[in-house]
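The sequence lines fix the lettering, A, B, ..., with proteins before strands; numbering per chain opens at 1.
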Protein chains: 2
Amino acid sequence: MYERKIPENLECGVNITAKVLGGKWKACILHGIGLGTRRPADLHRAIPEAPARVVNLHLRELEEYGIICKKIYPGFPLKVEYFLTALGESILPIVEAMDRWGNENRAAINLVSPAPMEANQDLMPEMR
Amino acid sequence: MYERKIPENLECGVNITAKVLGGKWKACILHGIGLGTRRPADLHRAIPEAPARVVNLHLRELEEYGIICKKIYPGFPLKVEYFLTALGESILPIVEAMDRWGNENRAAINLVSPAPMEANQDLMPEMR
DNA sequence: CGGCATCCCACTGGATACTG
DNA sequence: CAGTATCCAGTGGGATGCCG
């Protein structure tokens, strides 16, 4: 509003990274690109729960941060590919560590929220 | 509200971790606890930009996830300490990697946002 | 295929004040 | 010191639809 929101403390390295990876699907997107899913349509297919618009917003942000770069191949239909920059490659290990940790601890974490009155009736939600 | 929001795709490990570390200050808080900042008041002092209430909310969430545990020492004034659980210890490397990456790349990233019309008048905001 | 433009609401998190 | 209750603004991100 006034000046600019600048910021939450960026002295702390954690916050910088948190900001870069912040946003519901950014880490996931990077993971995908890291695995070779470069074309938008493929990314969308890889993360169907994320609306294309949102993925695009994240992509633009990542681009601004210099994490990925976009390559456009003229022609029709249009072809686009996103690549990790050197910076992007450098953050990838973190994303991969997140993937590993998440997979290893999926069962250990109670992500299904507070459960109003204890007794988590279901630790194996279908999650569609 | 209704059922519960459950979720965004948790098949992907990345999303699980992203959820655990999600929230403006969670990673930062974990980093602090990992460094030995166990008492609430100290945490608040370590992250002055974060309202105490918010830090508390995050702490509760982390507790629910089983990342940290809370120890209360009766007496007056009340004394409380938060510790990393085994699960918490296991995620710490990621947080530390984030800290390292952030510090190493602080200069390389354009976090100050799009900059409406270039020329960031002030790169050294007082931040209150 | 790739990507804006709109519309809109749930949720996050900031300020403040109060209780144990 | 530790933590909760209120109140409220900003915004992230979901749904839809249109354009190149």
By nearest atom, which of the nucleotides C:dG3, D:dG14, D:dG3 is closest to the A:P51 side chain? D:dG14

Throw together a table of side-chain donor-acceptor distances under 3.5 angstrom for residues 53-61 of chain B, partners on residues two or more places apart or in other chains.
unit_1, atom_1, unit_2, atom_2, d
B:N56, ND2, B:A52, O, 3.3
B:E61, OE2, B:K26, NZ, 3.1
B:E61, OE2, B:Y65, OH, 3.3

Using atom CD1 of B:I29 as one end and atom C1' of D:dG3 as the other, report the distance to the nearest whole Å. 14 Å

Please report, rounded to the nearest Å, how far the P atom of D:dT4 is from the CG atom of B:L59. 10 Å

Protein-nucleotide distance (A:D42, atom CG; C:dG3, atom P), rounded to Å: 12 Å

Between B:F76 and A:A52, who's closer to the 5' end of DNA chain C by nearest nucleotide? A:A52

End-to-end bend of the helix from C:dC1-D:dG20 to C:dG20-D:dC1 (five-pair axes, 10° rounding)? 50°

Provide the closest heavy-atom pair for A:L87 versus B:A108 in the form atom of the first, atom of the second, distance. CD1-CB, 4.3 Å

Check every atom of C:dG2, C:dG3, C:dG14 against the side chain of A:N56 and return the nucleotide holding the closest atom. C:dG3

Atom pair CD1 (A:I29) and NZ (A:K24), whose distance is rounded to the nearest 0.5 Å: 12.5 Å

OP1, OP2 of D:dG3 versus side-chain N and O of B:H44: anything below 4.0 Å? no

Could you tell me whether A:Y82 contacts a base, only the sugar-phosphate backbone, or nothing, with contacts defined as non-hydrogen atoms closer than 4.0 Å? sugar-phosphate

Test: side-chain hydrogen bond (donor to acceptor under 3.5 Å, both in side chains). Region: residues 29-43 of chain B. Which pairs qualify, not counting sequence neighbours? B:H31-B:D99, B:D42-B:R45

Interatomic distance where CD belongs to B:E81 and P belongs to D:dC1 [whole Å]: 15 Å

Smallest separation among heavy atoms of A:G34 and A:L92, with atom names: CA-CD2, 3.9 Å

Whole angstrom is fine here: how far is it from CG in A:L43 over to P in C:dC1? 13 Å

Mind checking whether B:Y82 and B:I72 sit in one hydrophobic cluster, side chains of I, L, V, M, F, W, Y counted as touching below 4.5 Å? yes

From CG of B:L78 across to P of C:dT19 the rounded distance in Å is 17 Å

Of the candidates D:dC1, D:dG3, C:dG14, the side chain of B:P40 sits closest to D:dG3

Does the D:dG13 base have a donor-acceptor partner in the side chain of A:R53 within less than 3.5 Å? yes

To the nearest angstrom, how far is A:L57 atom CG from D:dG12 atom P? 10 Å

Nearest heavy-atom contact between A:L62 and A:V20 is CD2-O, 3.9 Å

Which part of the nucleic acid does A:K70 contact within heavy-atom distance under 4.0 Å: base, sugar-phosphate only, or nothing? sugar-phosphate

How do A:W25 and B:V80 order along DNA chain D: which one's closest nucleotide is nearer the 5' end? B:V80

D:dA2 C1' sits how many Å from B:R45 CZ, rounded? 12 Å

So if I take every side-chain heavy atom of B:V54 and compare against C:dG14, D:dC1, D:dG3, which nucleotide ends up nearest? C:dG14

From the set C:dG3, D:dT4, C:dC1, return the single nucleotide nearest to any side-chain atom of B:R60. D:dT4

Checking B:R100 against B:N103: is there a side-chain donor and acceptor pair closer than 3.5 Å? no

